[in-house]
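Notes to accompany the following structure.
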Amino acid sequence: MPELPEVETIAAGVHARVHGQRITRVWTSGKPQTFKSSESEIANVLNGAHIESVRRVGKTIVMTLHRDKTTTELLIHLGMTGRLLVSAPEVPFAPHTHAVITLHDKREIRFVDPRRFGRLSIHAENATKLGPPGLDSETWDRQSKDSNSAPYSGPGREPLTISLADFITLFHPRRTPIKAALLNQSLLHGVGNIYADESLFRAAIRPTRQAARLTRAELALLRTSLIKILRRAIKLGGSSVSDYVDAEGMRGYFQIEHKVYGHGGDPCTVCGAPIKKITLAGRGTHFCPRCQK
DNA sequence: CGTCCCACCTGATTGC
DNA sequence: TGCAATCAGGTGGGAC
């Protein structure tokens, strides 16, 4: 379900509501595939901890926890249908509630996920943050990413902050269709099906083009298009296509500005040609056959 | 290693 | 109307 703008909206909303709170109780549903770390480990780490912050990395929500001078992170990936809600205790549980984190003031952080593609896991900080002698900082960063040391940095690079030079370095060698490359989380993380389609439309690039065949100018336009669309979507609270809601249960509004996603057969807003829908990289892919070259 | 395809789930929508 | 097939915003593992 949620891509970068939706996860950003949820993380910011949850952060505003719960940072500084102490966790007094944890309940989990026992659905094994929901928990990448064991439920007992999750409960052990969370119980009694203070929530320092809640932020987004890629499509993952990262909750930073402090207890006994130890810092740990709870990673929450929402999959397709996951929700993270902050509720008063008297609000009835939604169906498919898989985790409830009770706070000192009695409110509850609830993880709800009908399709169960979402995952919870623990990311522990290593004792030392200093790299071993002889490693340059870039090598150390890479090793930090690979090993289990905090803070969690995700599988790829952040789309909102990547430089043009790095963007080109990332995509230029790829021989896959540009859309498949955009969806590859180990390159950029956070872009999903909606924002891949919308950014390619805005950049007038056909999703089927081989990444390696894009000119530098096209890659530059794709990067700025993607950043503008992600920022605009964050401003509107994300896209609510069916069941996405933020931490308060509110829908987002960026779906109103979708130009191609979900508009197969509709006339293109720029040229009037019917928007085409095809399957690419196993995903529904929407584009204007006239505008996107 | 890079890439493709499918499985993992439930629920809403489409089509017969 | 009823029921089956199809389709969903994501990821990870196995096959090639």
Side-chain angles (χ1 to χ4, degrees), chain A residues 1-11 29-37 56-61 75-84 94-99 111-121 142 146 152 154-156 159 169-201 207-212 226 229-230 233-234 236-246 251-265 277-286:
Chain A
M1 174 248 295
E3 306 179 33
L4 186 153
E6 293 76 36
V7 179
E8 177 80 23
T9 302
I10 294 166
S29 67
K31 296 285 183 190
Q33 63 276 52
T34 299
F35 305 97
K36 261 165 96 179
S37 308
R56 175 198 63 76
V57 174
K59 296 176 189 169
T60 299
I61 296 167
L75 307 187
I76 303 162
H77 196 292
L78 299 174
M80 295 270 266
T81 53
R83 298 180 177 192
L84 198 65
H96 308 292
T97 298
H98 297 298
F111 175 66
V112 179
D113 183 16
R115 239 173 128 177
R116 280 189 272 141
F117 289 173
R119 297 289 179 265
L120 302 193
S121 61
R142 185 152 27 77
D146 292 345
Y152 176 72
T169 304
L170 220 47
F171 287 101
H172 188 249
R174 298 282 147 176
R175 302 183 171 261
T176 51
I178 183 61
K179 170 156 177 186
L182 281 173
L183 293 177
N184 182 342
Q185 302 295 297
S186 65
L187 302 176
L188 286 186
H189 56 207
V191 180
N193 208 32
I194 293 177
Y195 298 100
D197 280 3
E198 292 297 321
S199 59
L200 286 164
F201 174 77
T208 50
R209 291 268 305 281
Q210 213 181 69
L226 177 62
I229 280 172
L230 293 174
I234 290 169
L236 295 188
S239 300
S240 288
V241 170
S242 61
D243 56 2
Y244 159 74
V245 290
D246 71 8
R251 292 168 59 83
Y253 292 95
F254 187 70
Q255 69 279 9
I256 293 166
E257 298 188 14
H258 291 175
K259 306 286 193 209
V260 287
Y261 181 82
H263 288 288
K277 183 178 179 191
I278 61 171
T279 297
L280 176 61
R283 319 296 303 280
T285 296
H286 315 72

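Because the structure is a prediction, the values reported are computed rather than measured. The figures here come from the full heavy-atom set of this structure, side chains too, leaving out hydrogens, waters and symmetry mates. All chains are named by letter (A, B, ...) in the order of the sequence lines, taking the proteins before the strands, and each is independently numbered beginning at 1.
- A donor atom on one side chain and an acceptor atom on the other are not found under 3.5 Å apart for A/His98 and A/Asp113.
- Rounded to whole angstrom, the span from the CD atom of A/Glu3 across to the P atom of C/dA8 amounts to 13 Å.
- A search for salt bridge (Lys or Arg N to Asp or Glu O under 4.0 Å) contacts involving A/Arg209 returns A/Glu218, not counting sequence neighbours.
- The nearest pair of heavy atoms linking A/Leu120 to A/Ala99 is CD1-CB, 3.9 Å.
- Summarising the geometry, the separation between CG on A/Asp197 and P on C/dG10 is reported as 10 Å, rounded to the nearest angstrom.
- Shown are A/Glu6, A/Glu3, A/His258; of these, the side chain to side chain donor-acceptor pair (under 3.5 Å) with A/Tyr195 is made only by A/Glu6.
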task: For DNA chain B, produce a single dot-bracket line, 5' to 3'. Pairs: Watson-Crick or G-U wobble, both distances under 3.5 Å. Symbols: ( ) within strand, [ ] crossing, | other strand, . unpaired.
output: .|||||||.|||||||
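- When all heavy atoms of A/Pro95 and A/Val112 are compared, the pair lying nearest together is O-CG1, 3.4 Å.
- Among all heavy-atom pairs drawn from A/Gly79 and A/Pro2, the shortest one is O-CD, 2.9 Å.
- To the nearest 0.5 Å, atoms NE2 (A/His286) and NZ (A/Lys277) are separated by 4.5 Å.
- In this structure the side chain of A/Leu78 reaches within 4.5 angstrom of the side chain of A/Phe111, judged on heavy atoms.
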Pairwise N/O distances under 3.5 Å, protein to nucleotides 11-14 of chain C:
unit_1 : atom_1 : unit_2  : atom_2 : d
C/dT11 : OP1    : A/His77 : NE2    : 2.7
C/dT11 : OP2    : A/Lys59 : NZ     : 2.7

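- Summarising the geometry, the separation between CG on A/Asp113 and P on C/dG9 is reported as 15 Å, rounded to the nearest angstrom.
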N/O-N/O pairs, protein side and nucleotides 2-8 of chain B side, under 3.5 Å:
unit_1 : atom_1 : unit_2   : atom_2 : d
B/dT3  : OP2    : A/Arg174 : NH1    : 3.0

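- Look at OH on A/Tyr195: it is 12 Å from P on C/dG9, rounded to the nearest Å.
- At least one side-chain nitrogen or oxygen of A/Tyr261 sits closer than 4.0 Å to the OP1 or OP2 atom of C/dG9.
- Pairing each heavy atom of A/Val191 with each of A/Lys59, the nearest pair is O-NZ, 3.3 Å.
- A/Glu8 is linked by a salt bridge (Lys or Arg N to Asp or Glu O under 4.0 Å) to A/Arg56, counting only residues two or more places apart in sequence or in another chain.
- Side chain of A/Thr285 to backbone of A/Arg283: a donor-acceptor contact under 3.5 angstrom is found.
- The structure places OG1 of A/Thr97 at 10.0 Å from CZ of A/Arg83, a figure rounded to the nearest 0.5 Å.
- Between A/Leu280 atom CG and C/dG9 atom P there is a gap of 13 Å when expressed in whole angstrom units.
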task: I would like to know whether A/Ile278 and A/Thr208 meet side-chain contact (heavy atoms from CB on, under 4.5 Å); could you show each step before the answer?
output: CA-CA 10 Å; A/Ile278 61 171; A/Thr208 50; 3.9 Å; yes
- prompt: How does each nucleotide of nucleotides 11-16 of chain B score, in 5' to 3' order, for protein heavy atoms under 4.0 Å: base (B), sugar-phosphate only (S), or none (-)?
  reply: S-----
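- Put simply, CD1 on A/Ile10 is 13 Å from P on C/dG10, counting in whole angstrom units.
- With both ends at atom P, the span from B/dA7 to C/dA5 equals 16 Å, rounded to whole Å.
- Taking the C1' atom of each, B/dT3 and C/dG9 are spaced 22 Å apart, rounded to whole Å.
- Rounded to an integer number of Å, the gap from NE2 of A/His286 to C1' of C/dG9 is 11 Å.
- Between the CZ atom of A/Phe254 and the P atom of C/dG9 there is a distance of 16 Å, given to the nearest Å.
- Note that CG of A/Leu170 is 10.0 Å distant from CG of A/Leu182, once rounded to the nearest 0.5 Å.
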